[in-house]
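Okay, structure first, notes after.
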Amino acid sequence: MTKKQKQILYRLILGAIFLILAIILPTTHKITKLLLFLIPYFIIGYDILIDALHGIINLSPFDENFLMAAATVGAMILGEYTEGVAVMLFYQIGELFQSIAVGKSRKNISSLMDIRPDTANLVLSDGSINMVDPAEVEIESTIIVKPGERVPIDGVIVKGSTSLDTSALTGEAVPKNACEGDEIVSGVINLSSPVFIKTTKEFGESTASKILELVENASSRKSKSEHFITKFARVYTPVVCFSALALALIPPFLSVISTGSWEFSKWVYRALTFLVISCPCALVISIPLGFFACIGGACSEGILIKGSNFIETLSKTKIAVFDKTGTLTKGVFEVTEIHPIGLSESELVEYAAYAESFSTHPIGESLKKAYGKEIDRGRISDISEISGMGISAVIDNKKVLVGKPLLLRESGVDFEKCENQSTAVYISIDGKYSGCIIISDIIKDGSDNAIKALKKTGITECIMLTGDSREVAQKVASTLGIDRFFSELLPNDKVEIVEKLISEKGAEQKLIFVGDGINDAPVLSCADVGISMGTIGSDAAIEASDIVLMDDNPEKIPKAINISKKCMTIVYQNIVFAIGIKILCLILGAVGIANMWVAIFADVGVMVIAVLNAIRTLNVKNL
Ligand code: ADP
Ligand code: MG
């Protein structure tokens, strides 16, 4: 409890004592009795009365303060002193509970996301260590991270090797080993021995800061349900107020005409009960809280959701579209065959590796690995990467093309196609076909289960898009049980196909696209929900996608969908439950069955239950 919450609690206890005194003190004198009840009334509710007055002065009276003030002042005027004070008391208890519960779950969620340390150990040039604010550490500085500490800034290990706990980022519990030369991202915890890290980014640009920024902004992107609740509250409260007014005036008027008696106070009392019931706080609080807790829970599983609108869309996913390389397959190619023409095998690999020297594409990485030697950048005079096609480069003053068949064909190079079920990289030197290198990729361990689990979530079609050859695509699709695939695509073709798929499906059937962030940013942003994976540190993919999976395990995709479904179920439960109970109480109040006691207990009770229910979205471990 915060200091302020404690103060409120003491105030309520004091008010309650005075209320009990007022009830048990024997007075028959009317004014004395009223004064005795006014003491606890003001102790308990003065802030609400003041806020209600502010609302009236600002000409926007229809909020819960006004409702409570009007209902309790009315009750006092009717002489229902105990009820007037008690309603105020229970309303305040409800508010207090709510602020404690919300504060607590916000704190829980924030601690889940507390991945950004406040200090960094900067290694100075004389070897001494200085503890500084990580925001002051410049790029290319050396920092030391001791066992048990969280890495504050992204960088590369320059000395030492250790194992890392990446669970805060990826949800993956198994420690990861890292040694000299390995990249290391902020947010992970160093487990075993101290490592020296040369920073490659500023603190604010580092992974942990980026992730936090993203999650903090998530609540500003509201879902349709949240918009509905805001609108609902705006309409609902005035409607109930005017109904209350009608209830106070029309039936007495009718009864005067028919029976000649007024029965005014009976109807005013019912109208006041109406006002108490009409408080919409259960919804206004619990719906945003549910989404917020869901985002926090998903984050602890390595699933970053950039807004509650995406939770809602994701829960309606019917079509899942995947990129192949790096998404369903590992994207770690091994060279399996080399077919040179007119030069040696090693020369062919050398040219390929030189051409790929600046590429971050998985194919490029694998060719560089196969070459295995230092690249002499001086031999390269020009390089350009043609997205989804390959590389064009000038090496030793010779024009080298490395890529898919289309790349060579477009430059008018004659070549024969390799008949193979694996990916083939074609190479031409100075316009002459010089051979091909066969590389093979491995399907990820989780892909198979992911597709199966996705179908269980109610997805009707899984589709794969790839720039690779038809044969390779066919093989992967049939191994995994993919329903449809499109092959030999350029990045633009992927956008066109996704747009076409979106236009063909119903508006309530949502399409997700899952990519690895390498040349698929345009597709990620045109899908209903774009999911990028395995992209810790890749800014472009984090920017373009709506959901970021922090490890590259495809099984997180069905998990994300299940999380979103659970969240939406809870949100709908709360909407139906809260509105249902309210309407029931309104009817019972109007016909005189529910009195003010029932009303206040219904109000506080619904709110407590809705808030507790909303917090359940935080728990996503076993989905
Ligand atoms: P995917 O759609 O499977 O993710 P990409 O669109 O990244 O594949 O690439 C499609 C094809 O283009 C690859 O299969 C490869 O033949 C060729 N290609 C793309 N980039 C490169 C590169 N850097 N080096 C060689 N070939 C490449
Ligand atoms: Mg790709």
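Counting from 1, the numbers follow the sequence of the chain as shown. One-based numbering, in listed order, for ligands and for the atoms of each.
- There is no side-chain donor-acceptor pair under 3.5 Å between E180 and S161.
- Near S359, the atoms of ligand 1 lying under 4.0 angstrom from a non-hydrogen atom of the residue are 23 (N).
- For ligand 1, the polar-atom distance check finds an N/O of G467 within less than 3.5 Å of one of the ligand's N/O atoms.
- The nearest non-hydrogen atom to atom 25 (C) of ligand 1, considering only M464, H361, E356, comes from E356.
- For K444, there are no side chain to side chain donor-acceptor pair (under 3.5 Å) partners two or more places apart in sequence or in a different chain.
- Side-chain contact check for S141 and K198: no donor-acceptor pair (N or O, by modelled atom type) lies under 3.5 Å.
- For T327, no heavy-atom contact with ligand 1 is shorter than 4.0 Å.
- When heavy-atom distances to ligand 1 are checked against a 4.0 Å cut-off, D323 comes that close only through its side chain, counted from C-beta outward.
- For a threshold of 3.5 Å applied to N or O pairs, the pair formed by K324 and ligand 1 contains no separation below that value.
- Heavy-atom proximity to atom 18 (N) of ligand 1, evaluated over K404, E488, K494, M389, is greatest for M389.
- If you look at I363 next to ligand 1, the close heavy atoms, those under 4.0 Å, all belong to the side chain.
- There is no side-chain donor-acceptor pair under 3.5 Å between T313 and D528.
- Of all atoms in ligand 1, numbered sequentially from 1 with element shown, those under 4.0 Å from a heavy atom of E385 are 23 (N).
- Side-chain contact of T200 with D154: a donor-acceptor pair under 3.5 Å is absent, judged by distance alone.
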Solution key, residues 330-341 side-chain donor-acceptor pairs under 3.5 Å, sequence neighbours excluded:
from: T336; atom 1: OG1; to: I438; atom 2: O; distance (Å): 3.2
from: E337; atom 1: OE1; to: H339; atom 2: NE2; distance (Å): 2.8

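- Of the polar atoms of T423, none of the N or O atoms is found under 3.5 Å from an N or O of ligand 1, judged by distance alone.
- Looking at ligand 1, you'll find an N or O of G388 within less than 3.5 Å of one of its N or O atoms.
- Side-chain atoms of D382 never come within 3.5 Å of backbone atoms of V394 as a donor-acceptor pair (strictly under, hydrogens ignored).
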